There are 2 protein chains.
Amino acid sequence: MAPSHVFDAHPLVQKLESIFALADDEKAAILSMPMQVATLRADQDVVRVGDSPSRSCIILEGMTATYVSTSKGRRQIVSFGIMGDTPDLQSLLLEEMDNSLSTLTPCTLGFVQHAVLRDVCTRFPRIAAALWRSTLVDAAIFRAWMTSIGQREGYSRMAHLFCELVARKRAVGLVEEDRCAFPITQTELADALGMTAVHVNRVLQALRSDGHIVLDQGWLTVPDWDRLVAVADFDATYLHVKENRPAA
Amino acid sequence: MAPSHVFDAHPLVQKLESIFALADDEKAAILSMPMQVATLRADQDVVRVGDSPSRSCIILEGMTATYVSTSKGRRQIVSFGIMGDTPDLQSLLLEEMDNSLSTLTPCTLGFVQHAVLRDVCTRFPRIAAALWRSTLVDAAIFRAWMTSIGQREGYSRMAHLFCELVARKRAVGLVEEDRCAFPITQTELADALGMTAVHVNRVLQALRSDGHIVLDQGWLTVPDWDRLVAVADFDATYLHVKENRPAA
DNA sequence: TGCCAAGCCAAACATATGTTAGTGGTGGAT
DNA sequence: ATCCACCACTAACATATGTTTGGCTTGGCA
């Protein structure tokens, strides 16, 4: 068998290894799963409310949004997906989608049949456990968003979201120094934060003029991480990752 | 082996059977798990943020609240637990609690050691799958709350919560006709809905005077289910239960 | 019996946020 | 080259909701 490091390029291996070390046969099993890679434009639905998909996807590149629509035409973005995330893994066990998934940017996604996933899970219970765990982290993020939307005013609510995204991107190597891509429009930010685009703009100006963030041309930079963390009341433990401090 | 119906009294069996039928040996395995039953008064913490419990609980009787506290002293109740729920099952896979759990009413809880749960899960993968699935339903409820808090005004937001609780209680046989126990104070309601107690009171009066609910002495009755569903914009599919209509 | 905390309720006032209605810039499509 | 969407941004105004304060009732407890 090849040395294990040759497997490490697979995004799902990286994802699960961030939870606990995988044995070589476990990595091999993941690597051998047939995965259909697809490239999507921005703003394309991947799955919709009511669908019963027979496969789930992993984000190889780009950013996605999971959202729920209200009968009054409003929508709540309930999560952002970044590289390595499996934003519709729940459909493996829940028959009918109660939310929709769409691309925020051009994306490349890897689709794996549920039958394949189920087979791997029964043969390698530790992989099943790691996947289960990743859905529990998703749930923890939902709780954090709910707390932010329910209890924090716009200013710290938005700061909290910035902290979370930077922390998550940092965990998968998508942050250089104090800077990362931030391809989210103000309208999308509004749908995620439970406020209007107008108010998002207001709060954004305030965060900018207070020197907490620089957001320009789709790039976010955080001049002083600790200060942003303070105004956001951000505590990264809910993300359940090992390292969350910026690299020294 | 005894006929299967003798097992059905166990609340965890009931819970998992609502997902799919269990084989007799699976039921027997659940029944044989050592479970420590404890009775708690109202307003007692079961686990707290930062804890790393070595066991999880199932609610045998009473009602619980899971909550997250903000550094500014505010708290968001992120879920209510009713009979059959496993409100801290996540601690089986996530080392550190990112939320607290406390009793809303006097409760009787059954505690099962994680080691025992892990053993049963490896011996009976279908039980593991059912438990995983139940945590995914919890996550779906988080999404629904987030959507309500973020996008619905107080009136329909509160109506939505009433609908959800009645639907969930109905699914476990805790609703008679159009009436069920509702032991939640207005302050707790406020913490769950992301609004103040004063506003909860205002909205409650409005819902009452519009004839959508009767809430008195800890009992909730819904005179016209379909009308409440309409104002709440409630769609029960996110609960992922089989039956959600009132019994004829 | 009386006290006290908890819960429900309400009025008056304050404000964070929503709504409406624009402007100007930019990049892709034809 | 010219549109035409989309996006960022802003001002003026409207309102849902928060804050403060206090009264009333009830039930447990000394």
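In this text the structure is predicted, and so the values were computed from the model without any measurement. Proteins come first, then strands; the chains are lettered A, B, ... in the order of their sequence lines, and each starts at number 1.
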**Prompt:** What do the steps show when you test B:Ser56 against B:His114 for side-chain contact (heavy atoms from CB on, under 4.5 Å), and what is the final call?
**Reply:** CA-CA 7 Å; B:Ser56 290; B:His114 286 165; 2.9 Å; yes
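The side chain of A:Thr196 lies closest to C:dG18 when the candidates are D:dG18, C:dG18, D:dT19. The side chain of A:Val198 approaches C:dT20 more closely than any other nucleotide in the set C:dT20, D:dC9, C:dA16. Between D:dT17, D:dA8, C:dC9, one nucleotide has an atom nearer to the side chain of B:Glu153 than all others, and that is D:dT17.
Residue A:Asn201 places none of its side-chain N or O atoms closer than 4.0 Å to OP1 or OP2 of D:dA8. Taking only side-chain nitrogens and oxygens, B:Arg208 comes nearer than 4.0 Å to OP1 or OP2 of C:dC9. The shortest distance between the side-chain N/O atoms of B:Arg157 and the OP1/OP2 oxygens of D:dT17 is below 4.0 Å.
Residue B:Gly194 is classed as a sugar-phosphate contact, given heavy-atom separations below 4.0 Å to backbone atoms only. A:Thr185 comes within 4.0 angstrom of sugar-phosphate atoms only, judged by non-hydrogen atoms across all strands, and of no base.
The two residues A:Leu60 and A:Met83 make their nearest non-hydrogen contact at O-CG, 3.4 Å.
Atom-to-atom, CD of B:Gln217 to C1' of D:dG27 comes out at 12 Å; the value is rounded to the nearest Å.
For A:Arg202 and A:Leu215, each mapped to the nucleotide of DNA chain D holding its nearest heavy atom, the one lying further toward the 5' end belongs to A:Leu215.
The shortest distance between side-chain heavy atoms of B:Glu176 and B:Thr221 does not fall below 4.5 Å.
Between A:Trp225 and A:Phe234, the ring planes are perpendicular. Angles over 60° get that label, and only those under 30° would be called parallel.
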